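For reference, the structure discussed in these notes is given below.
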Amino acid sequence: MILYLFFYVVILSGTIISLQNIDRKAVTVVFISLAFLFFLLIGFRFCGYDYLSYLEIYESIKGGNDVLGMEPGFATLCSSSSSFRILIIIVALLTMLLHSLFIYKTSDLPIFSLFLLSSTLLLPTFMGQCRQGLAIGFVAFAFYYYNNKNYYFYLLFVVLAALFHYSALISLFFLFVPRNIKSSKYYFITIVISIFLSQFFQPLLFKIIDLIPNLAVVERLLFYSENDDVKLGFNTAILIRIFVVSLCFYYRANIKSIFFPLMLNIYHLSIIIYLIIGPIIPQLGGRGALYFSYFDIILIPFVIKAASGYNRYVLIFLFFLLTLLRIFQFFHDDFNYECYVPYLKFYNF
C-alpha cells in the first residue's frame with residue numbers, strides 16, 4: 001500500500017501547488033513530472049484486474065496461437081514485444097502519451113485534470129483493462145480532431161482506437177452529437193426519458209443483436225449480459241455526472257474554450273448511454289459510456305476556472321473530496337484490494 005500512498009501524496013501535493021497561480025512553465029514541469037509518475041506506476045506493476053489474463057494472452061500469442069476476439073492492434077503489440085514486461089511498459093507509455101498530450105492541449109487546469117484522472121481511469125482501466133485505456137486515449141484525439149472539423153483524422157483515430165478495443169467504435173456517435181449548447185429543457189428531458197426507457201429498449205436491443213452475424217464481439221456482449229450480476233442504472237455515478245452537467249450549464253457563459261460545447265454534449269450522452277444500455281448489458285453500458293464520461297477531467301477544470309471568489313473554493317473543495325473518496329472507496333472494496341495490493345506480486349509461470 002505504501003507505493004500507492006506515496007503516489008497519491010505526490011499527486012495531491014502537485015495539484016495543490018498548481019492552484020497557487022504559478023507560471024505556465026512551472027505548470028509544464030510539474031505536469032510532465034506527474035505524468036511520468038503515472039507511467040511508472042502503470043508500467044512496472046505486477047497487479048491489476050486483468051494482469052494474469054493479459055499474461056496468458058501474451059504467452060498464447062507469442063506461442064503462435066490465435067486468441068478469439070482479440071483486437072489486431074493489441075495482438076501486434078504482443079507479438080512484437082520481447083517480454084510481457086516490455087508489453088506492459090509500451091502500453092503504459094502509449095497510454096500516458098495520448099492522455100497527457102490531450103489533457104495539456106485542452107484543459108484549463110492540466111494538473112488538476114491528472115488529479116481527477118487518478119481516481120477515475122487510472123486504477124481500474126489503465127492498470128486493469130489496459131486495452132480500453134489505450135483506446136480511450138485514441139478516442140480523446142478523435143474528439144480533438146472532430147471538434148476542429150478535421151474528419152479524416154477523426155476517423156483515423158477512431159479506427160486506431162478500435163484496433164485496441166472494438167467498443168471504441170461507439171465513438172462514431174460523436175457524429176450525431178450537437179455542437180452547440182442546448183436549452184436546460186433538452187438536458188433535463190433527455191435524462192428523465194432515459195431513466196424510464198431501458199425497460200422498453202431491452203427487447204428491441206436483443207432483437208437487433210439476433211440479426212447480427214455470430215461475431216466474437218457480439219457473443220462476448222451476450223455472455224456479459226447473461227452472466228454479469230451487477231446491473232447499472234440510476235446510481236451515485238450518474239448523480240455525479242448530472243451534477244457536472246448542471247455546473248457546466250450554469251457556468252456556460254464564462255467558459256470560452258472551443259472544446260466546451262461539443263464536449264459537454266458528449267459527456268451528457270454518457271448519461272443517456274449508461275442509463276439506457278447499462279441495466280441491459282452492463283459491460284457495454286459501463287465501458288461504452290467511458291468514451292463519453294472521460295471528458296469530466298476536462299469539464300470540471302473548465303467549471304472551476306469559470307467560477308470566482310467563494311464559489312471557486314467551494315468547487316475545488318468538493319472535487320478534492322470526491323476524488324479522495326473515490327480512491328478510498330476503490331481500495332476499501334475487498335476484491336479491488338486483493339487485485340491491487342500488494343503492488344509487487346511475483347508469479348511463477
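In what follows, residues are counted from 1 in the order of the sequence shown. Because the structure is a prediction, the values reported are computed rather than measured.
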**Study point:** Verdict with reasoning, N150 to Y144, per side chain to side chain donor-acceptor pair (under 3.5 Å)
**Key:** CA-CA 9 Å; N150 191 330; Y144 180 86; over 6 Å; no
Practice item. For side-chain contact (heavy atoms from CB on, under 4.5 Å), just list the numbers for L98 and F141, CA-CA rounded to whole Å, side-chain angles, deciding distance to a tenth of an Å, and then say yes or no. Key: CA-CA 8 Å; L98 288 167; F141 269 90; 4.0 Å; yes
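Between the side chains of S171 and Y146, no donor-acceptor pair of N or O atoms lies under 3.5 Å. A donor-acceptor pair shorter than 3.5 Å cannot be found between the side chains of Y154 and N147. No side-chain donor-acceptor contact under 3.5 Å links Y104 and H99. For the residue pair S293 and S270, no side-chain donor N or O sits within less than 3.5 Å of a side-chain acceptor on the partner.
Remark: K62 NZ to S82 OG distance equals 7.0 Å, nearest 0.5 Å. Atoms CD and CG, on E71 and L134 in that order, are 10.5 Å from each other to the nearest 0.5 Å. Note that CE of M127 and OG1 of T95 are 12.0 Å apart. Values are rounded to the nearest 0.5 Å. To the nearest 0.5 Å, atom CG of residue L264 and atom CZ of residue F259 are 15.0 Å apart.
Residue I2 qualifies as open at atom CD1: its count of foreign heavy atoms under 6.0 Å is 12 or below. Crowding of F331 atom CZ: a count of heavy atoms from other residues, nucleotides or ligands under 6.0 Å exceeding 12.
For P342 against C47, the heavy-atom pair with the smallest separation is O-CB, 4.0 Å. Taking every heavy atom of both residues into account, P261 and I181 meet most closely at CA-CD1, 3.6 Å. Annotation for V158 and A168: closest pair CG1-O, 4.4 Å, computed over non-hydrogen atoms. The two residues S100 and M96 have their closest heavy-atom pair at OG-O, 2.6 Å.
Between F320 and F115, the ring-plane angle classifies as tilted under the 30° and 60° cut-offs. Using a 30° and 60° split on the angle between ring planes, F153 and F157 fall in the tilted class, from 30° to 60°. Using cut-offs of 30° and 60° for the angle between ring planes, the Y49 and F330 rings count as tilted. Aromatic ring pairs are classed by plane angle as parallel below 30°, tilted from 30° to 60° and perpendicular above 60°; the pair H268 and Y186 is tilted.
The cationic group of R131 does not satisfy the cation-pi geometry with Y54, failing either the under 6.0 Å distance to the six-membered ring centre or the 45° limit from the ring axis. Within the cation-pi definition used here (under 6.0 Å to the ring centroid, within 45° of the axis), R252 does not qualify as a partner of F260.
Cluster annotation: V245 and F173 are assigned to the same hydrophobic cluster (Ile/Leu/Val/Met/Phe/Trp/Tyr, side-chain heavy-atom contacts under 4.5 Å, transitive). The hydrophobic cluster containing V9 does not contain L34, counting ILVMFWY residues as joined when their side-chain heavy atoms lie under 4.5 angstrom apart, directly or transitively. If you chain together hydrophobic residues whose side chains sit under 4.5 Å apart, F84 and L344 fall into the same group.
Only one option out of Y294, Y291, F295 pairs with F143 in a ring-ring contact (aromatic ring centres under 6.0 Å, His included); it is F295.
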